[in-house]
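These notes are about the structure you will find just below.
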Amino acid sequence: QGPGASGDTSGQRFIPLAAAAFWIAAPINLGPVLYISQRMTILASLFTVLGILLYLRIRLSGLRVIPKVSLLAVSTALCTYLAYYSKENGILLVGYLALIELVVLQDIDRWVMARLRASVIAKGILVAAGISVCWVAWDMALPFIERQFAAYDGRDFTLGERVLTQFRVINFYISQVLVPNNAELSMWHDDFPLSRGLFKPFTTLIAIAIIVGLLLLALFSIRRNRLISFSIFWFFLGHSLESTFIPLEMVHEHRNYLPSWGILLLLSYVVLSSRLIRPRMGLVILGFFWVFNVGVLHARAEIWSNDIIKAGHEARYHPDSPMAQFSYARYLFLAAKSGDQEAATAAEQILERSILIDQSSIASEMLLVILGYTTDVEIQSRWIEGALSKLEDVGYTPVNSRALSGVLDFFKGRKDGPDRLDPVPVVPLYNYLETMGHPQLTTLAAIFQLEIMDNPEKGLALMERAADQAGYRPAYRFNLLRSQIKLRRTDEVCHSLDEIKSLPYSELVMFKKELIKVEQFLGDTCKSSGQ
C-alpha cells in the first residue's frame, strides 16, 4: 500500500481473490472467449501474464546481478515475442513490467543511482545504453506511426475526432466493467456517436475531466498508496495502443480483456479497505455484486448460444448500428438461401433500412445484390447507383473493400457450369473502381476482369496499375506476379520478379518467405530467359 496507508487490513487478504473472481465473471470479457477470431486476445494476454510472473519470480530471487539480468532479458524477450505475434498489443508487456518497477517495487531508481555513483565507466555505459534504446525504438516506431496517419484516409473520422471520442469510449468501458448491461454490450458499436469537439457532445468534456482526474489520482498515489496507482495505470496502459491515435474501429469490448482487471482490482481494494465498511460487510457487498455479474454473464452467454438470437438481440438494441443490422440480415439471408421467403423479405427490409442509416458503407447494397441473385428478390438498379454514390463520396474504406471482395467471391464460386451468374448488373460498379486511384480498389477491378469477365489483358493491365499506385508496397507486386504466373506470361513474370527484388529491403522483410517460394517455383525459368 505504501507508507501513508492505514486502517483495518483483515479484509485486504481477500482483494486478489475478489479481483480474480470479478474478472472471470465480467460480462464485457465474454467476447474474446466466444468470438473465435479474438482468441488471439486471450493468447496475447496469456503470454503477457506469463512474462510478468517470470519477471517477478526472477527479479525477486536471490540470484547474482549478471545471471539475474540475463534471465530477465531472455524471459522478457521470449514472452514479448510470443505475446506480440499472438496480437500486436502484446508489445505492452514491456510497459507492464515498467509499471511494476516504477509503481510497485519502486527501487529501480535507487539501483540506477547506485550504478551512476559507482564509476565513470558505469555512467557511460548506462547513458550509451539509454541513447541506443531510444534511437532504435524511435527508428522502429516512426514508419509505424507514419502508416497510422496515412490509414485515416480509409476512416470516416479524423485523428482529432478519434482521440476526443476515445475519452467517452473509455468511460463507456469503465461503466460496463462496473455495471454491465446486456442492452449496451454488443459485438458492434459503430453507432457510437463521434466527438466533433469538446462540447460536441458536451459529455466529451466531462469524460476528459474524469480520465484526467483518475490519472492524477494514480500519479499522486504512487508514494502513498501503490495499489490504487497500479490499478489505474494498469487499465490505461492496457488501452494505450487500441484506444489512442491508431485508426482502428472506434469501440470493441474485447479490448478490455486484460485492462479490465485493473478496474476490478481497484473496486475490490476500495470496498475491502474502506474504514466506513466492515470487512465482513465488504465481502457481502462484493458477493452481491459478483452474483449480479454472474447473472448478466449467464444471460449474455444464452444470447450468444444462438447466432440468429444474438444478431437479433443486437439489432434490436442497436437500431442505428449498420453492422448490427447487417449482421442480422446476413443470418436471415442464410435462411433465405434455403428457400425461406419470409426470411428473404425480412432481410431485404432490414438491409433497405441499413442503407438509409449508413451513409459510408456499401455492405448492405452488396448483400442485397447477392440476395437478389440467390432468392426471388429482384435486383434493383438503385442499389448499384446508391453504392456508386457512396463510393464517390467516401472513397476507399476497409469495409467497402471487404463488401466488394465478398461479391467477387460469390461470383467466383459460381463461375462455371449451370450456376454461372450474369455479371451485367454489377459491371458499372467494378468499372467505376478503375477510376478511383486506390490500389486495393484497382486490384478488385482487376480480379473482376480476370476471374469474372475472362478478360486477361485488361485484368493484367489493372493489376500493373494497382502495383504502380501502391509504390513500394510489395503486396500489389505479388498480386501482379501471381496473375502472370497463372496466365503463363513468362517474360512478364521475370520482369515483375526483378521489380520486386529491387524494392527497398525494409519493405520486403515481411515477404521474404513468399519471395523464396516464388523463386523455387519458377526454378531456372527466369535465368534461362536471360532475366
Side-chain angles (χ1 to χ4, degrees), residues 11 14-15 17-35 165-189 191-193 195 201-215 217-218 227-228 231-232 234-236 238-239 242-243 250-274 276-277 281-304 310 313-314 316-321 324:
F14 295 107
I15 291 173
L17 178 62
F22 282 130
W23 184 78
I24 290 172
I28 200 171
N29 289 335
L30 183 74
V33 178
L34 296 184
Y35 186 38
T165 306
Q166 284 305 307
F167 284 102
R168 290 173 38 245
V169 171
I170 292 293
N171 278 270
F172 168 74
Y173 290 153
I174 294 173
S175 72
Q176 293 306 307
V177 170
L178 294 175
V179 189
N181 179 358
N182 276 331
E184 295 289 336
L185 294 170
S186 174
M187 175 73 75
W188 310 110
H189 289 281
D191 55 344
F192 198 93
S195 291
F202 182 75
T203 49
T204 303
L205 188 59
I206 297 174
I208 292 173
I210 292 172
I211 290 176
V212 170
L214 285 172
L215 289 172
L217 173 62
L227 198 146
I228 289 179
S231 301
I232 296 173
W234 176 283
F235 176 75
F236 285 106
H239 284 290
E242 294 175 302
S243 298
M250 198 63 74
V251 187
H252 273 301
E253 294 165 11
H254 63 254
R255 295 171 186 168
N256 291 275
Y257 187 70
L258 197 56
S260 61
W261 180 75
I263 296 298
L264 296 169
L265 177 63
L266 180 62
L267 171 69
S268 303
Y269 170 75
V270 168
V271 174
L272 293 175
S273 298
S274 174
L276 303 177
I277 303 174
M281 182 56 66
L283 290 172
V284 170
I285 292 171
L286 291 179
F288 276 115
F289 182 64
W290 185 80
V291 169
F292 168 72
N293 273 262
V294 169
V296 176
L297 178 64
H298 179 266
R300 195 173 191 210
E302 286 289 322
I303 293 168
W304 277 62
K310 170 183 170 294
H313 172 88
E314 294 179 345
R316 180 166 65 255
Y317 286 104
H318 293 265
D320 296 325
S321 165

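Counting from 1, the numbers follow the sequence of the chain as shown.
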Taking [Y]'s backbone N and O only, do any of them form a donor-acceptor pair with [X]'s side chain (distance below 3.5 Å, no angle check)?
X    : Y    : value
N293 : F289 : yes
T204 : P201 : yes
R168 : F192 : no

message: Going by side chain to side chain contact (heavy atoms under 4.5 Å, CB included), I28 matches just one of L297, V296, N256. Which one?
response: N256
Taking the side chain as every heavy atom from C-beta outward, state whether [X] and [Y] have any pair of such atoms under 4.5 Å apart.
X    : Y    : answer
S268 : F22  : yes
Y35  : M187 : yes
I210 : I174 : no

Once rounded to the nearest 0.5 Å, what's the spacing between atom [atom1] of [X] and atom [atom2] of [Y]?
X    : Y    : atom1 : atom2 : value
L266 : I232 : CG    : CD1   : 5.5 Å
N29  : L34  : CG    : CG    : 11.5 Å
I211 : I170 : CD1   : CD1   : 5.5 Å
F172 : H189 : CZ    : NE2   : 4.5 Å
I303 : L185 : CD1   : CG    : 9.0 Å
N182 : E314 : CG    : CD    : 10.0 Å

message: Just to verify, what does H254 make a ring pair (Phe, Tyr, Trp, His ring centres under 6.0 Å) with, not counting sequence neighbours?
response: H252
task: In sequence, state the C-alpha distance, the side-chain angles, and the governing distance for L215 and V212, and then conclude on side chain to side chain contact (heavy atoms under 4.5 Å, CB included).
output: CA-CA 5 Å; L215 289 172; V212 170; 5.8 Å; no
task: Not counting sequence neighbours, which residues clear side chain to side chain contact (heavy atoms under 4.5 Å, CB included) with Y317? List them please.
output: A183, H313
Would you name the heavy atoms of [X] and [Y] that are closest together and state the gap between them?
X    : Y    : answer
I263 : F235 : CG1-CD1, 3.4 Å
S273 : I15  : OG-CD1, 3.8 Å
E184 : E253 : O-OE2, 4.2 Å
R300 : S186 : NH2-N, 3.6 Å
T165 : S195 : OG1-N, 2.8 Å
S231 : G262 : CB-O, 3.3 Å

- prompt: For atom CH2 of W304, is the number of surrounding heavy atoms from other residues, nucleotides or ligands below 6.0 Å larger than 12?
  reply: yes
message: Using side chain to side chain contact (heavy atoms under 4.5 Å, CB included), reason through F167 and L205 one step at a time and then give a plain yes or no.
response: CA-CA 9 Å; F167 284 102; L205 188 59; over 6 Å; no
- prompt: Can you say whether the rings of W261 and W234 are parallel (under 30°), tilted (30 to 60°) or perpendicular (over 60°)?
  reply: perpendicular
query: Going through the distances and angles, do R255 and S243 end up as a side-chain hydrogen bond (donor to acceptor under 3.5 Å, both in side chains)?
result: CA-CA 8 Å; R255 295 171 186 168; S243 298; 4.9 Å; no
